[in-house]
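Per chain, numbering begins at 1; letters A, B, ... match sequence-line order.
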Amino acid sequence: MRMMSLFIRIIRQFLHDKRTLALLILAPILVLTLLYLVFNGEDYTPKIGTAGLPAPVEQRLAEGKAGITSFSSLQDAVEALKAGSIDAYVFIEEGKPIVKLEGSDPSKSKAVLLFIGNTLGHTSEPTSSGASESPLVEPGNLPQPIVQYLHGGPDMTTFDNLGSVFIGVFTFFYVFLIAGVSFLKERTSGTLERLLATPLRRHEIVIGYMLGFGLFTGIQSLVIAAFSIHVLGLMLVGSIWYVLLITVLISATALSFGILLSSFAGSEFQLMQFIPLVIVPQVFFSGLFNLESMSPWISWLSHIMPLAYGADALKSVMIKGEGWSSIAFDVYVLAGLCIVFMSANIIALRKHRAL
Amino acid sequence: MSQSESISLCLQAHKICRSIGAREIISDVSLNINKQEIFGFLGPSGSGKTTLIKILAGIDKATSGEITLLGTALPHLSMMKKIGYMAQSDALYHDLTAKENLDFFGSLFGLKGQHFMRRQREVLELVGLESHAKKMVQAYSGGMKRRLSLAIALIHEPEVLILDEPTVGIDPSLRLMIWNELYRLCRSGVTILLTTHVMDEAEKCHRLGMILDGRLIATGTPEELKQTARGTTMEEAFLYYGGIRK
């Protein structure tokens with residue numbers, strides 16, 4: 001029966017291509033595990049600093065579910081907020097409590113405000129069936145706290161927070177795919193071998209590819225950034241030039257990385273199989289999700305994800321409006337990775353020609 | 001070896017072996033190829049012809065053994081300019097026109113200006129594609145792609161032409177045309193190495209090397225090979241040297 005012979009042929013093909021088979025099963029497991037780890041993170045515990053609060057209020061805050069740090073001066077609290085070691089600080093000015101939020105991550109801001117509201121807020125009104133600690137009433141006499149932001153503001157949406165990361169993610173993803181597939185085509189169509197029968201040197205091939213694709217990915221970066229800022233109204237506090245520098249570096253990294261991985265793939269199909277292995281985890285760890293609520297060893301993974309550096313730098317520029325000094329490290333890491341991947345490509349081409 | 005002998009030699013291969021892992025693909029091949037001759041490698045598919053010819057072209061590297069091409073040990077990047085290579089598969093960019101392909105490959109050999117334009121016209125005319133130069137390669141037929149590959153191999157006027165199955169999938173009249181061109185190039189001083197698995201085509205070469213399981217089982221002119229084997233056809237000769245018919 002022809003149908004059965006087809007059936008057997010397909011089984012045989014799969015058995016010959018063990019990697020496809022493994023990926024068919026392992027990739028979904030991997031992605032599901034990551035999703036579990038990301039969404040199963042515990043509720044975020046806000047880190048709040050206090051400066052010069054009356055003792056009963058201080059005590060009241062300390063009893064709640066938050067990390068409270070008591071600063072001796074307001075200046076120390078301001079520094080801690082800028083450094084990102086706390087999410088907000090509370091102080092009293094002219095008799096009114098003021099909550100100063102770091103503000104770049106709306107989900108953290110919400111957690112802080114919820115906590116402050118629950119502990120200091122309307123405690124004069126008994127809460128429904130009221131089994132909770134409402135008897136400790138004194139601090140409740142404080143007026144409604146005033147909320148201030150270091151970055152962003154109450155109007156800042158989750159999109160503003162995530163959009164900057166998405167710019168990095170999309171740039172990386174598409175450049176990776178296109179570069180990978182076209183270099184693969186070069187190999188499978190025999191043109192790479194043909195190139196190696198010319199005086200062309202290996203590093204010239206790699207750099208030539210970087211340049212040719214660099215032009216188009218540069219245009220891509222420009223279009224993506226311009227579209228999200230001007231059309232989608234994505235928040236941009238810092239310089240657009242820094243945004244472009246970072247996106248160009250992200251695409252250069254993706255480009256060299258895509259070419260490198262293409263030499264480990266035998267077909268376009270196998271290249272696609274790298275997506276759940278190398279792209280999806282990077283997306284998870286690039287700042288779309290709050291890493292602080294995960295176990296430390298998982299959040300540590302972000303240090304080995306190129307995209308995490310790009311996304312961090314984009315966030316710094318676009319939301320916090322920071323300058324060169326705060327993105328320099330990310331920029332150097334991306335540039336360094338790019339050089340590492342390119343060198344690896346030049347070495348990988350040895351497989352095709354010794355010279 | 002005398003001085004005159006080394007001058008007339010184009011390529012010397014000494015005890016070439018090539019293995020991938022534990023498997024030996026080419027075993028102990030030694031041969032000399034003279035200048036201005038058409039040397040054919042004849043053997044069934046899978047016998048190692050392509051691997052051998054790639055090693056001789058300096059693309060692949062022998063695991064052991066030495067190759068000297070025009071007095072220079074291979075592989076050597078500068079020798080790439082002296083070799084015109086045509087791969088078994090049509091290594092063309094399908095999303096470019098024929099002229100753009102020529103532009104690209106020619107520029108890799110440093111061709112430019114008036115001379116380059118003239119060369120492009122010459123090679124396109126030679127393979128009969130001058131009226132299709134501006135067509136995208138993806139619209140080409142199989143034979144046209146083969147001809148364009150040959151044109152690309154010739155673009156930089158190489159001293160040595162290395163062709164892997166040059167006439168596969170080409171109709172008889174075009175095949176004749178290509179062979180006439182190969183003879184003409186040979187007379188003008190070019191040395192030609194080619195592979196084939198077609199017996200009657202092998203007879204068109206000046207000298208032949210028979211390849212079986214990665215070993216060079218016999219070399220000589222087609223006439224010599226047939227005579228020694230006491231056969232009348234190349235097939236008989238091949239079977240004789242392969243030890244299948246004693």
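The shortest heavy-atom contact between A/G190 and B/S89 is CA-OG, 4.2 Å. Smallest separation of non-hydrogen atoms from A/R194 and B/F105: CG-CE2, 3.5 Å.
Interface remark: B/D95 contributes side-chain atoms only to the contact with chain A (heavy atom separation under 4.5 Å). Both the backbone and the side chain of B/I152 come within contact range of chain A, each with at least one heavy atom under 4.5 Å from a heavy atom of that chain.
A/E193 contributes atom CD, which lies 5.5 Å from atom CD1 of B/I59 (distance to the nearest 0.5 angstrom). Summarising the geometry, atom CD1 belonging to B/I83 is positioned 11.0 Å from atom OG1 belonging to A/T198; distances are rounded to the nearest 0.5 Å. The CE atom of B/M80 sits 7.5 Å away from atom CG of A/L196, with the distance rounded to the nearest 0.5 Å.
Residues B/F104 and A/L195 meet the side-chain proximity criterion, which asks for heavy atoms closer than 4.5 Å.
Counting non-hydrogen atoms of other residues, nucleotides and ligands closer than 6.0 Å to CZ of A/F216 gives a total of 12 or fewer. Heavy-atom contacts from other residues, nucleotides or ligands closer than 6.0 Å to NE2 of B/H197 number 12 or fewer.
Residue pairs meeting the ring pair (Phe, Tyr, Trp, His ring centres under 6.0 Å) criterion with at least one member in residues 106-146 of chain B, sequence neighbours excluded: B/F109-B/H156.
When the heavy atoms of residues 173-189 of chain A are compared with those of chain B, the residues falling under 4.5 Å are A/K185, A/E186, A/S189, listed by number.
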